[in-house]
Trainee: 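Please see the structure below; I have some questions.
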There are 2 protein chains.
Amino acid sequence: MEERQISKAVIKRLPRYYRYLGEMLNNGVERISSGELSTKMQVTASQIRQDLNNFGGFGQQGYGYNVKFLYDEIGKILGVDKKHPMIIIGGGNFGHALANYDFEKNGFITKAIFDVRPSLVGTDVRGIPVLMMDELEDFVAREHIEIAVLTLPKDRVAETADRLVRCGIKALWNFAHLDLKVPDDVVVENVHLVDSLMQLSYRISSYENEHKKEEV
Amino acid sequence: MEERQISKAVIKRLPRYYRYLGEMLNNGVERISSGELSTKMQVTASQIRQDLNNFGGFGQQGYGYNVKFLYDEIGKILGVDKKHPMIIIGGGNFGHALANYDFEKNGFITKAIFDVRPSLVGTDVRGIPVLMMDELEDFVAREHIEIAVLTLPKDRVAETADRLVRCGIKALWNFAHLDLKVPDDVVVENVHLVDSLMQLSYRISSYENEHKKEEV
DNA sequence: TAGATTGTTAATCGATTAACAATC
DNA sequence: TAGATTGTTAATCGATTAACAATC
């Protein structure tokens, strides 16, 4: 049971490795050394080897890593080799945009969009039906939904999250600007756009401050 | 010039402090101690005090922190006390959704949406005009645009980023799944949704693996 | 075999937490 | 003044980088 806990920092880097390897694969690259990869990705070769060795020895001394093999292995680690049935809660602009996004190729399949507005009954996005919230419980159970994407108004998020948890949902991808409280066995991943924008703005100001003195 | 470099980890936490303080302010809370805040936010009081002291002594021994004062100070640090003129490049679903988002209250003012599709000429989102890409250079200069939001197809992002850099843009908020190469004086903040979703999926699998053995 | 490059241990660096003197 | 709580230094913990023996 006690596989040593992988640090968050490592997990965060995996999708980026996966992306770079995918591109190499497309370009017909067969093998890569940690050294070359480190140059491409602007990280240290040491870090790449350490990160990968958390999960097993994927390389070979004197050769490096086979791109296809490593790509697939990281895919398995990330779980993108499996299908993840998903629903979007909130049929507004953002929910719409996400429904149009091509997450399928990584295994994330959007099965429905849920909303409360009766005007949306019978509509669909790319064939993904918009359903009313009173169908939620049945649908989640029937379609074995794993992930719910929360793109609804802030004041309705908390109750909706609770409701989803009661349905047995495994994971919440939360776009609302608010920290959710859920049981330990439910995974929450936040996308706080405002936070991201604020970090951007901090970095603009801090860059300006650093360079103010130089232009006398 | 050499104000000691603030670590990325600290910057990442600031917007969250800002949000919690904003809520307290709305609820009429006047003062808060690092201890109380630590309970609310689920971080250590030590960390809060360390984080804040990177920027100055905002508190008072025996009293704690004045909520309004601290809120304003963090706002200044993040630069949300200033106006940041912004444009969105890409009038698709995502660009649309972002144009509808209420970033104004934090100082981020969307001035225009740019696209290449002639069918969008003359349209607008909440009064924000959709303009054609050939007007880009003039508009950025005239309106002193600081931030460009990149929500366009992957294959056109790199050239567009270059073009924006040549216009003298200060910051790119990049939603494309791709690492941008820009000069040192241009700030890039990435929102890689696919990466976020993959981390979510990793955590689902890893939770399942950890608990597999228990259900014999 | 010789050269290359991994896997892994050890050293360094940085971030978080604990402790406490300063002070309101 | 006594109590509370900060600001700040010191201790701990974890993550990154360097080094190198193992091995393909």
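Reminder, nothing fancy here: chain letters follow the sequence lines and each chain counts from 1. Just so you know, these numbers use all the heavy atoms, side chains as well, and skip hydrogens, waters and symmetry mates. Model, not experiment: these values are computed from the prediction.
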Trainee: So which heavy atom on A:K68 is nearest to which on A:N66, and how close?
Mentor: N-OD1, 3.1 Å
Trainee: Could A:K83 and A:E146 be called an ion pair, given the rule that one side-chain N must be under 4.0 Å from one carboxylate O?
Mentor: no
Trainee: Toward the 5' end of DNA chain D, which comes first, A:Y63 or B:Y63, by nearest nucleotide?
Mentor: B:Y63
Trainee: Can you tell me how the ring of A:Y101 sits relative to the ring of A:F103, calling it parallel under 30°, perpendicular over 60° and tilted otherwise?
Mentor: parallel
Trainee: Rounded to the nearest angstrom, tell me the gap between atom CG in A:L70 and atom P in C:dG7.
Mentor: 10 Å
Trainee: Which string of ( ) [ ] | and . matches DNA chain C, if you list each base 5' to 3' and count Watson-Crick or G-U pairs only when both distances are under 3.5 Å?
Mentor: ..||||||||||||||||||||||
Trainee: Per the side chain to side chain contact (heavy atoms under 4.5 Å, CB included) rule, which among A:V149, A:T151, A:V182, A:L180 passes with A:N174?
Mentor: A:L180
Trainee: What is the distance, to the nearest angstrom, from the CG atom on B:L52 to the C1' atom on D:dT8?
Mentor: 14 Å
Trainee: Please state whether the base of D:dT9 and the side chain of B:Q50 form at least one donor-acceptor pair under 3.5 Å?
Mentor: yes
Trainee: Output yes when at least one side-chain N/O atom of B:R49 is less than 4.0 Å from OP1 or OP2 of D:dT6, else no.
Mentor: yes
Trainee: With nearest nucleotide decided by heavy atoms, which residue, B:G62 or A:Q61, maps closer to the 5′ end of DNA chain C?
Mentor: A:Q61
Trainee: With a 4.0 Å limit, can you tell me whether A:Y65 has a side-chain N or O closer than that to the phosphate oxygens OP1/OP2 of C:dG7?
Mentor: yes
Trainee: Using a 4.0 Å cut-off on heavy atoms, which residues in residues 14-47 of chain B reach DNA chain C? List them by number, or say none.
Mentor: B:T44, B:S46, B:Q47
Trainee: Output the rounded distance in Å from CG (B:N54) to P (D:dT8).
Mentor: 11 Å
Trainee: D:dC24 P sits how many Å from A:F58 CZ, rounded?
Mentor: 17 Å
Trainee: Would you kindly give the CG-to-P distance between B:N53 and D:dT6, to the nearest whole Å?
Mentor: 10 Å
Trainee: Would you kindly give the CD-to-P distance between B:Q5 and C:dG14, to the nearest whole Å?
Mentor: 12 Å
Trainee: Kindly check if the number of other-residue, nucleotide or ligand heavy atoms within 6.0 Å of CD (A:E30) is above 12?
Mentor: no
Trainee: List for me each residue that meets ring pair (Phe, Tyr, Trp, His ring centres under 6.0 Å) alongside B:F58, sequence neighbours excluded, and say none if there are none.
Mentor: none
Trainee: Does either side chain, that of A:H84 or that of A:N106, offer a donor lying less than 3.5 Å from an acceptor on the other one?
Mentor: no
Trainee: Are A:Y17 and A:Y71 close enough that their ring centers fall under 6.0 Å?
Mentor: no
Trainee: May I ask you to decide whether B:R126 forms a salt bridge with B:E104, counting only side-chain N to carboxylate O separations under 4.0 Å?
Mentor: yes
Trainee: Can you find an N or O donor on one side and an acceptor on the other, under 3.5 Å apart, linking the side chain of A:Q60 with the base of D:dT23?
Mentor: no
Trainee: Starting at atom CD1 of A:I6, determine the distance to atom P of D:dA15, rounded to an integer number of angstrom.
Mentor: 10 Å
Trainee: Grab the CG-P distance between A:N66 and D:dC24 for me, whole Å please.
Mentor: 16 Å
